[in-house]
Amino acid sequence: MKMTVIGLGYIGLPTAILFAKYGHQVTGVDISPWVTTQLNAGLIHIEEPGLEQDLQGVLLTENFFASTVPASADVYIIAVPTPNKADQYQSCDTRYVEAAVNNILPHVKRGDTIIVESTIAPRTMTDVVQPVIEQQGFTVGEDIFLAHCPERVLPGNIMHELVHNPRIIGGITDACTEKAAAVYGTFVKGEMIKAQAGEAELSKLMENTYRDVNIALANELAKISERLGIDALRVIEMANKHPRVTLHQPGPGVGGHCLAVDPYFVIAAAPEESLLMQTARAINNSMPDFVVQQVRAFMAERERNRVTLFGMTYKGNIDDVRESPAMEIKARLDDMAFDVRVFDPHVAELPLTGEEACDGSSLLVVLTDHDEFRNIPTKYTNKMRDMTIFDTKNIVQHVGAKVNYVNYGNLSQAKKIAVVPS
Ligand code: SAJ
């Protein structure tokens with residue numbers, strides 16, 4: 001098939017490359033000429049295992065070409081951002097989706113299929129996208145086929161999950177669902193779940209909201225345990241031995257363009273009925289402040305005000321800093337006039353090495369669960385003025401003997417321990 005994929009970000013690019021890898025003629029479209037030039041030169045602009053290799057493969061077979069303008073195709077896939085609006089409930093901003101639809105319409109012909117992969121608010125397909133298409137004289141379900149097939153892949157494991165995850169196929173009509181299912185049937189080995197567009201929209205949002213609410217419960221437990229002087233991590237470990245309990249892990253907050261965004265799309269659609277979701281968002285949004293308060297407590301006794309932060313991305317082993325709690329924590333500590341030094345091996349723009357970031361520091365705060373942080377070598381901690389590590393992600397497994405190691409398990413006790421000078 002001839003395919004055009006609009007939006008070459010963390011979802012659109014892997015999707016375009018995978019369709020090309022399975023033999024389709026794919027034009028990947030992005031508004032950034034820098035991105036398209038890089039891609040046509042075989043270079044990717046995002047960190048994702050296996051992606052650059054696959055790109056070079058489909059460039060060689062000439063099944064993929066990146067462009068800033070759409071090409072006529074049989075199938076159009078829209079994978080553009082859907083940020084929150086700055087309104088009361090941070091509702092879904094569908095501007096980029098609408099622009100993408102209008103951008104392809106001059107190329108669309110009878111019999112074509114249009115698929116929206118972007119995460120969208122409930123009823124966006126029927127109330128926003130379908131009318132734009134039908135204004136052009138098409139009848140959705142008869143001469144144009146329209147579906148919402150939300151992506152569900154985990155950054156860091158995208159190329160595998162695109163093939164093996166179950167895929168929801170939410171058509172406006174049954175004919176739309178069948179057409180879209182045939183498209184994904186190209187490479188999806190997971191279950192194809194045929195549904196209505198509205199069910200697909202809400203299911204996607206509920207997947208991320210479910211995780212956000214469960215993380216909020218774990219974060220609330222961390223606060224309660226800190227107050228009661230009980231080991232939250234041990235409690236989670238023991239409770240999860242119950243056959244029907246899966247408590248998630250507390251941390252410095254919830255980041256990324258999914259869990260920290262998608263619940264609001266449901267909340268905005270039903271504010272009176274979404275109290276739990278709103279509370280969960282508030283709890284997760286409060287965690288950067290909770291971490292900052294712990295830093296203040298640890299630093300209160302220190303002579304110097306240098307603090308080291310390990311990790312700026314919103315989660316481990318990726319390069320994505322969108323909606324990252326670590327970035328918010330850094331900004332807050334900067335505002336409080338702490339001398340903040342940052343180290344993140346996945347963020348090319350950050351120049352300091354681990355040793356340089358630790359030099360003369362009185363506290364090292366681990367904010368992201370990168371594999372590189374499982375072992376904090378003594379060559380780092382020996383540079384510190386006071387060897388205290390506060391690990392908000394419970395990722396660190398090895399530290400030097402003299403290090404005062406703190407996590408959500410021993411937080412309340414640790415704050416009472418005297419300073420351990422280097
Ligand atoms: N986090 C915790 N505690 C946990 C798990 C995660 O604090 O127990 C934090 C992470 O550190 C991070 C945030 O939550 O800041 C989100 O990370 P994540 O690994 O949970 O998810 P994402 O945002 O990278 O990907 C999610 C996935 N959704 C689900 O697992 C339900 C992925 O499958 C989706 O495709 C993706 O959102 C998306 O694009 O919607």
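Keep in mind that what you see is a predicted model, and the values were worked out from it rather than measured. Start at 1 and go down the list; that is how both ligands and their atoms are numbered.
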A.B. asks: Hey, is G256 one of the residues with a heavy atom under 4.0 angstrom from ligand 1?
C.D. replies: no
A.B. asks: Should E161 be listed as contacting ligand 1, given a heavy-atom distance under 4.0 Å as the test?
C.D. replies: no
A.B. asks: Backbone or side chain, does any N or O of K204 fall under 3.5 Å from an N or O of ligand 1?
C.D. replies: yes
A.B. asks: Quick check: H248 and ligand 1, any N/O pair under 3.5 Å apart?
C.D. replies: no
A.B. asks: Among all protein non-hydrogen atoms, which one is nearest to atom 11 (O) of ligand 1, and what is the separation to 0.1 Å?
C.D. replies: K393 NZ, 3.0 Å
A.B. asks: Just one of T209, N208, T82 clears the side-chain hydrogen bond (donor to acceptor under 3.5 Å, both in side chains) bar with D262, so which one?
C.D. replies: N208
A.B. asks: Is there side-chain contact between D212 and N284, with at least one heavy-atom pair below 4.5 Å?
C.D. replies: yes
A.B. asks: Test ring-ring contact (aromatic ring centres under 6.0 Å, His included) on Y89 and Y264 and set out the steps.
C.D. replies: CA-CA 6 Å; Y89 291 109; Y264 293 113; 9.2 Å; no
A.B. asks: Could you tell me the residue and atom name of the protein heavy atom closest to atom 33 (O) of ligand 1, and the distance to it rounded to 0.1 Å?
C.D. replies: R152 O, 2.8 Å
A.B. asks: Checking side chain to side chain contact (heavy atoms under 4.5 Å, CB included) against I389, which of V365, V366, N404 comes through?
C.D. replies: V366
A.B. asks: Between T388, T308, D386, which is the residue that forms a side-chain hydrogen bond (donor to acceptor under 3.5 Å, both in side chains) with S362?
C.D. replies: D386
A.B. asks: Atom 21 (O) of ligand 1: which protein heavy atom is closest, and how many Å away?
C.D. replies: L154 CD1, 3.8 Å
A.B. asks: By number and element, which atoms of ligand 1 are closer than 4.0 Å to a non-hydrogen atom of E207?
C.D. replies: 31 (C)
A.B. asks: For atom 17 (O) of ligand 1, which protein heavy atom lies nearest, and how many Å away is it?
C.D. replies: K315 CD, 3.8 Å
A.B. asks: To which of N394, L205, D320, I215 does the heavy atom nearest atom 14 (O) of ligand 1 belong?
C.D. replies: I215
A.B. asks: Is a salt bridge present between D93 and R95, judged by a nitrogen-to-oxygen distance below 4.0 Å?
C.D. replies: yes
A.B. asks: Which of the numbered atoms in ligand 1 are below 4.0 angstrom from a heavy atom of Q249?
C.D. replies: 2 (C), 3 (N), 4 (C), 7 (O), 8 (O)
A.B. asks: May I ask you to identify the nearest protein heavy atom to atom 37 (O) of ligand 1, giving residue, atom name and distance to one decimal place in Å?
C.D. replies: C258 CB, 3.2 Å
A.B. asks: Is the shortest side-chain N to carboxylate O distance from R234 to E237 below 4.0 Å?
C.D. replies: yes
A.B. asks: Heavy-atom contacts under 4.0 Å between V153 and ligand 1: side chain, backbone, both, or neither?
C.D. replies: backbone
A.B. asks: Which atoms of ligand 1 sit under 4.0 Å from any heavy atom of N208?
C.D. replies: 26 (C), 27 (C), 28 (N), 29 (C), 31 (C), 37 (O), 38 (C), 40 (O)
A.B. asks: Looking at non-hydrogen atoms alone, which of Y210, Y314, Y10 comes nearest to atom 22 (P) of ligand 1?
C.D. replies: Y314
A.B. asks: Quick check on Q196: does its CD atom have over 12 non-hydrogen neighbours (other residues, nucleotides or ligands) under 6.0 Å away?
C.D. replies: no
A.B. asks: Quick check: P325 and ligand 1, any N/O pair under 3.5 Å apart?
C.D. replies: no
A.B. asks: For I236 versus H248, what's the shortest heavy-atom pair and its separation?
C.D. replies: CD1-O, 3.6 Å
A.B. asks: Under the criterion salt bridge (Lys or Arg N to Asp or Glu O under 4.0 Å), I'd like the reasoning laid out for K204 against E151: C-alpha separation, chi angles, the key distance, then a yes or no.
C.D. replies: CA-CA 8 Å; K204 168 64 195 183; E151 57 76 21; 3.5 Å; yes
A.B. asks: Give me the atom names and distance for the closest heavy-atom approach of I168 to A195.
C.D. replies: CG2-CB, 4.4 Å
A.B. asks: Can you name the nearest heavy-atom pair linking L202 to P122, along with the distance?
C.D. replies: CD1-CG, 4.0 Å
A.B. asks: Go through ligand 1 atom by atom and flag the ones less than 4.0 Å from a non-hydrogen atom of L259.
C.D. replies: 16 (C), 20 (O), 23 (O), 26 (C), 37 (O)
A.B. asks: Run the numbers on K2 and T27 for side chain to side chain donor-acceptor pair (under 3.5 Å), then give the verdict.
C.D. replies: CA-CA 8 Å; K2 278 183 74 179; T27 302; over 6 Å; no
A.B. asks: Which residue and non-hydrogen atom of the protein lie closest to atom 30 (O) of ligand 1, and at what distance in Å?
C.D. replies: R211 CD, 3.4 Å
A.B. asks: Nearest to atom 39 (O) of ligand 1, what protein heavy atom do you find, and at what distance?
C.D. replies: E151 OE2, 2.7 Å
A.B. asks: Numbering the atoms of ligand 1 from 1, which are under 4.0 Å from a heavy atom of P155?
C.D. replies: 24 (O), 25 (O)
A.B. asks: Looking only at heavy atoms of T119, does any of them come nearer than 4.0 Å to an atom of ligand 1?
C.D. replies: no
